[in-house]
Amino acid sequence: MGRQHGSGTPGEHTDNGERLGRARGRRWRRGVLALCVACAVAVPLAGAARPRVPAPPPAVLAPPVAATLGATYAANRANAGQAARMAAEHGDRGRAAADRDLADPARQLLAFDGRGAGLATEVLGDLAHADRIAVLVPGSDTGLDTYGRFRAAALALHERLTREAPAGTRTAVVAWLGYETPGTVSTTVATTGRAEEAAPELRDTVGDLRAVVGQRPRISLLCHSYGSVVCARAADGLDVDDIALVGSPGTGADTAADLRTRARIWAARGADDWVENVPHLDAALFGTTVGFGTDPVSPAFGARVFAAGDGGHSDYFAPGSTSLTNLTRIVLGEARAVTS
């Protein structure tokens, strides 16, 4: 009898091969995540050395109700005007212009804080009488200096809602820049830290909206990119009807059910969105958790996946886009009309 080389059955060889493959896969994924963090640490941030622009502390106001919305808007506009003057005296023309725009008498500011990167919550439409309300939650690199592009998305949605709403249905959009967003090239953008800090603020804002409008109106959260991590962290018990995740790198949850919310969970990604190439996993690295887990548009996550067309990462609210059409239908409560 000839000598037999090797040992075990073919099935055992297969099992060993699968185990080795999985181990290599885990090492590769962790290596990618480690590389991402290392790059984020090593790459200089353009805004890291930016001097802090002086600004007044936010106006001290009671929680808004329908009867006091006008006074709330006026007080925050006045604060933005003061911030604009201080920024101009400091020599920061860009910030002064951004603050000045927000101080315009036509703007409806539910909140404003000109310090640091800046925070603002702006209302488009008649909030007190709205039947359908959309709250936009932005992703990375959004602050007062870049607020214009975020507001453009809110304006596009508001215009579409106004045009598409059934007769007698009133709508409002809330552009919520209520947290310090991470930089796209930074360590913070790869972890849930900023989202965990932001979640209580988002919950408070939804609570304020309910205090203004009551329980009858539908409220939808539309969460872009890192904003989807914020929405996921705030979702547990949140009094909203829909949560739509667009261009999401993941939420930090394995499944939609793990978000523990009564809201319907939607997800979409444009065909040309680079976020598709982000590894959808998480790992403990350098004393923190890096990555956001399951891809929200995958069957494993369990969201209602809707069509977003051929757009890229910044195109979800582009006028005429498939994604904006479907987001409008979600906000209006027309779930059956949403295309997949």
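No experiment lies behind these values; they were computed from the predicted model shown. Values below: all heavy atoms of this structure, side chains included; hydrogens, waters and symmetry mates excluded.
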Check the hydrophobic clustering (I, L, V, M, F, W, Y; side-chain heavy atoms under 4.5 Å; chains of links allowed) and say if [X] and [Y] are grouped together.
X    : Y    : answer
I330 : V137 : no
L155 : L102 : yes
L332 : L327 : yes
L109 : L209 : no
V206 : V229 : yes

Distance, nearest 0.5 Å, that separates [atom1] of [X] from [atom2] of [Y]:
X    : Y    : atom1 : atom2 : answer
L222 : L245 : CG    : CG    : 10.0 Å
T169 : R218 : OG1   : CZ    : 11.5 Å
D242 : I265 : CG    : CD1   : 8.5 Å
T251 : D258 : OG1   : CG    : 8.0 Å
F301 : R304 : CZ    : CZ    : 13.5 Å
L259 : C231 : CG    : SG    : 10.0 Å

Heavy-atom closest contact ([X] atom, [Y] atom, distance):
X    : Y    : value
G178 : E201 : O-CB, 4.0 Å
A83  : P56  : CA-CD, 3.6 Å
A130 : A172 : CB-CB, 3.8 Å
T255 : A300 : CG2-O, 3.7 Å
P166 : E334 : CG-OE2, 4.2 Å
H90  : P54  : CG-CD, 3.4 Å

From CA spacing to verdict: side-chain contact (heavy atoms from CB on, under 4.5 Å), D239, I219 = CA-CA 8 Å; D239 190 7; I219 297 179; over 6 Å; no

Is any side-chain heavy atom of [X] closer than 4.5 Å to a side-chain heavy atom of [Y]?
X    : Y    : answer
T171 : V331 : no
L110 : P64  : yes
V174 : L136 : no
F112 : L144 : yes
R149 : S314 : no
L221 : L238 : yes
Y316 : S321 : no
V230 : L202 : yes

remark   = From the list L161, L157, D315, side chain to side chain contact (heavy atoms under 4.5 Å, CB included) with L324 holds only for L157

So, does [X] use its side chain to make a donor-acceptor pair with the main chain of [Y] at under 3.5 Å?
X    : Y    : answer
D92  : V53  : no
R107 : E122 : no
T181 : T142 : yes
S298 : T294 : no
N79  : P57  : yes
S228 : S225 : yes
R95  : G114 : yes
R233 : A199 : no
Y179 : P138 : yes
E164 : R329 : no

Is atom [atom1] of [X] surrounded by more than 12 heavy atoms (other residues, nucleotides or ligands) closer than 6.0 Å?
X    : atom1 : result
R260 : CZ    : no
R163 : CZ    : yes
D104 : CG    : yes

inquiry  = Which label fits H224 and H313: parallel for a plane angle under 30°, tilted from 30 to 60°, or perpendicular past 60°?
reply    = tilted

query = What is the ring orientation for F150 with Y147, classed by angle as parallel under 30°, tilted 30 to 60°, or perpendicular over 60°?
reply = perpendicular

key: Ion pair R262/D241, N-O distance below 4.0 Å   = yes

query = Thinking salt bridges, do R269 and D310 make one under a 4.0 Å N-O criterion?
reply = no

ask   = Residues in side chain to side chain contact (heavy atoms under 4.5 Å, CB included) with D126, at least two apart?
value = A128, H129

inquiry  = Distance alone, cut at 3.5 Å: any donor-acceptor contact between the side chains of T339 and N326?
reply    = yes

Donor on one side chain, acceptor on other, T205 and D208, under 3.5 Å = no

task = Start with the C-alpha distance between I243 and C223, add both sets of side-chain angles, then the distance that settles side-chain contact (heavy atoms from CB on, under 4.5 Å), and finish with yes or no.
result = CA-CA 7 Å; I243 299 175; C223 319; 4.0 Å; yes

task = Would you check, one step at a time, whether the test side-chain contact (heavy atoms from CB on, under 4.5 Å) holds for S340 with V305?
result = CA-CA 6 Å; S340 59; V305 178; 5.9 Å; no

task = Any chance you could lay out the side-chain contact (heavy atoms from CB on, under 4.5 Å) test for V123 and Y73, step after step, and finish with the verdict?
result = CA-CA 9 Å; V123 176; Y73 296 157; 3.7 Å; yes

